[in-house]
J.: 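One structure follows; several queries about it will come next.
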Amino acid sequence: MRNQPLIQTGYAPVNGTELYYETLGEGSPLILIHGGQLDRRMWDEQFRVFAQSHRVIRYDVRDHGLSKCPAGAYAHHEDLQGLLEHLQIGQATLMGLSLGALIAIDFALVHPDKVNALLLVSPGLSGYAAPSEQVLANHAQMIKAWEAGDMESVVEYFLRSWVDGPQRTQAQVDALVRERVRSMALERIIQGPSEGEPQPLTPPALDRLGEIHVPTLVVVGDLDMPDILAIAEILVGGIATAERTVMPGVAHMANMEHPAEFNQLVQDFLRKQRMIA
């Protein structure tokens, strides 16, 4: 059996903290940015697959996974810029899910010359503030559980929004996917609030989408929260170069629920942009 290529790991000194990262493969850089309360491991089914054609970098954003968040102001998109400088990457394709997509969009607006394509999965969007009743209800239960010191219930209501979605029960979701997300989220939530002060993009991306001109693929699951489906519509309406794909039978964690289908969608998009053979 052939030995698999070794993953290179490290910590990048960035804006007063250190970001943990892993890199694998050769070729055009592809950055994987995880969702909120999660970490780099949510890309396990993508990391080695895309490393066959790209130099793939996945990292833990500040205050997640192995990356810390000391006191002081910071912006996720500027942390990403610091990571690229540390790795001596001049331009990259960005693929982000949820919070990761929000970071990718903000980065593309602030550093347009450093992005050659965007892959926005179950996307968040800075400036969007229209949470659905389902999200608000689950969030209220999360706060109530947090105040009671019940971290398991905090995570459970997180899963109901961002794994199950509004149309499924727990029993209808792949138990392994649910457990993987639960484990990552519990690790993050137990850490508690950080002392860092996140600085939002001003003006927010919602009002600036017309400034994005790189090829953009928006991927959503048809069982995701209404908020995310609405953001997908806003993105394809505001970014002239954007196209949307809806994956049937999945919710927010589209890449984890149906990884083979997801990977094929991404590879087809990259091939269309002549980024892979």
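This one's a predicted model, so the numbers in the text were calculated from it and none came from an experiment. The basis for the numbers below is simple: all heavy atoms, side chains too, and nothing from hydrogens, waters or symmetry mates.
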J.: Any salt bridge linking Arg58 with Asp44? Criterion: basic side-chain nitrogen under 4.0 Å from a carboxylate oxygen.
T.: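 Between Asp44 and Arg58 there is a salt bridge, with a charged N closer than 4.0 Å to a carboxylate O.
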J.: Given 3.5 Å as the limit, does a donor-acceptor pair link the side chain of Gln199 with the main chain of Glu197, or not?
T.: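 Between the backbone of Glu197 and the side chain of Gln199 there is a qualifying donor-acceptor contact (under 3.5 Å).
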J.: Starting at CG of Leu120, measure out to OG of Ser98 and round the result to the nearest 0.5 Å.
T.: 11.5 Å
J.: Using every non-hydrogen atom in the two residues, find where Leu84 and Phe107 come nearest and quote the distance to one decimal.
T.: CD1-CZ, 3.6 Å
J.: Got Arg40 and Leu32 here, is their nearest side-chain heavy-atom distance under 4.5 Å?
T.: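 Side chain of Arg40 against side chain of Leu32, heavy atoms only: no contact under 4.5 Å found.
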J.: Is there a side-chain contact between Thr241 and Val214 in this structure, where contact means two heavy atoms from C-beta onward sitting under 4.5 Å apart?
T.: no
J.: In sequence, state the C-alpha distance, the side-chain angles, and the governing distance for Val49 and Phe262, and then conclude on side chain to side chain contact (heavy atoms under 4.5 Å, CB included).
T.: CA-CA 11 Å; Val49 171; Phe262 176 85; over 6 Å; no
J.: Residues sharing Tyr20's hydrophobic cluster, by side-chain heavy-atom contacts under 4.5 Å among ILVMFWY, directly or via others?
T.: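 Under the 4.5 Å side-chain rule, Tyr20 groups with Tyr11, Leu66.
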J.: Salt bridge or not between Arg178 and Glu156? Use side-chain N to carboxylate O under 4.0 Å.
T.: yes
J.: Given the rule in the side-chain hydrogen bond (donor to acceptor under 3.5 Å, both in side chains) test, do Gln264 and His258 qualify, once you have shown the distances and angles that lead to the verdict?
T.: CA-CA 10 Å; Gln264 188 63 58; His258 287 177; over 6 Å; no
J.: Within the 4.5 Å heavy-atom criterion, are Ser53 and Leu270 side-chain neighbours or not?
T.: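 When only atoms from C-beta onward are counted, Leu270 and Ser53 do not touch, as no gap falls below 4.5 Å.
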J.: Can you tell me how far the CG atom of Leu265 sits from the CG atom of Asn255, to the nearest 0.5 Å?
T.: 11.5 Å
J.: Between the side chains of Lys144 and Asp150, is the shortest nitrogen-to-carboxylate-oxygen separation below 4.0 Å, so that they form an ion pair?
T.: no
J.: Tell me if the CD atom of Gln172 is crowded by more than 12 foreign heavy atoms within 6.0 Å.
T.: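 Result for CD/Gln172: enclosed.
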J.: State the CG-CG distance between Asp60 and Asp79, to the nearest 0.5 angstrom.
T.: 12.0 Å
J.: Write down the atom of Met42, the atom of Met184, and the distance for their closest heavy-atom approach.
T.: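 Nearest heavy atoms, Met42 then Met184: N-SD, 3.8 Å.
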J.: If we only count heavy atoms from C-beta on, is the His76 to Arg62 side-chain gap below 4.5 Å?
T.: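 In short, these two side chains touch, coming nearer than 4.5 Å.
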J.: Any side-chain heavy atom of Arg41 sitting closer than 4.5 Å to one from Glu187?
T.: yes
J.: Please check if atom CD in Glu243 has more than 12 non-hydrogen atoms from other residues, nucleotides or ligands closer than 6.0 Å.
T.: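 Check passes, neighbour count above 12.
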J.: Distance from Glu85 atom CD to Leu87 atom CG, nearest 0.5 Å?
T.: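 Taking CD in Glu85 and CG in Leu87, the distance rounds to 10.5 Å.
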J.: Quick check: closest heavy atoms across Val135 and Ser161, and the distance to 0.1 Å?
T.: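 Of all heavy-atom pairs spanning Val135 and Ser161, the closest is CA-OG, 4.1 Å.
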J.: Is there a side-chain contact between Arg182 and Phe158, using heavy atoms and a 4.5 Å cut-off?
T.: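 No, every pair of side-chain atoms sits at 4.5 Å or beyond.
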J.: Looking only at non-hydrogen atoms, find the nearest pair between Ala205 and Ser126 and report the distance.
T.: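 Result for this residue pair: N-OG, 2.9 Å.
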J.: Is a side-chain N or O of Ser132 found less than 3.5 angstrom from the main chain of Asp227, in a donor-acceptor match?
T.: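 No, the answer is negative, given that no donor and acceptor are paired below the 3.5 Å cut-off.
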J.: Going from CD1 on Ile105 to CG on Leu94, what distance comes out if it is rounded to the nearest 0.5 angstrom?
T.: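 If I round to the nearest 0.5 Å, the distance is 10.5 Å.
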J.: Check Gly35 against His64 and note the closest heavy-atom contact, atom names and distance.
T.: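 For Gly35 and His64, the tightest heavy-atom pair comes out as O-CD2, 4.4 Å.
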J.: Find out whether Tyr128 and Pro123 are in side-chain contact, i.e. whether some heavy atom of one side chain is under 4.5 Å from a heavy atom of the other.
T.: no
J.: His111 pairs by side-chain hydrogen bond (donor to acceptor under 3.5 Å, both in side chains) with which of Glu78, Gln91, His77?
T.: Glu78
J.: Kindly compute the distance separating CG (Leu217) from CG (Leu118), expressed to the nearest 0.5 Å.
T.: 10.0 Å
J.: Closest approach of Leu83 and Ala12, non-hydrogen atoms and distance?
T.: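 The pair with the smallest heavy-atom distance is CD1-CB, 3.7 Å.
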J.: When you compare the side chain of Glu211 with that of Pro112, does any pair of heavy atoms fall below 4.5 Å?
T.: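 No; the side chains remain at least 4.5 Å from each other.
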J.: Any luck finding a side-chain donor-acceptor pair between Asn263 and Gln46 under 3.5 Å?
T.: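 Yes, a side-chain donor-acceptor pair sits under 3.5 Å.
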J.: Just checking Glu179: does its CD atom have more than 12 heavy atoms from other residues, nucleotides or ligands closer to it than 6.0 angstrom?
T.: yes
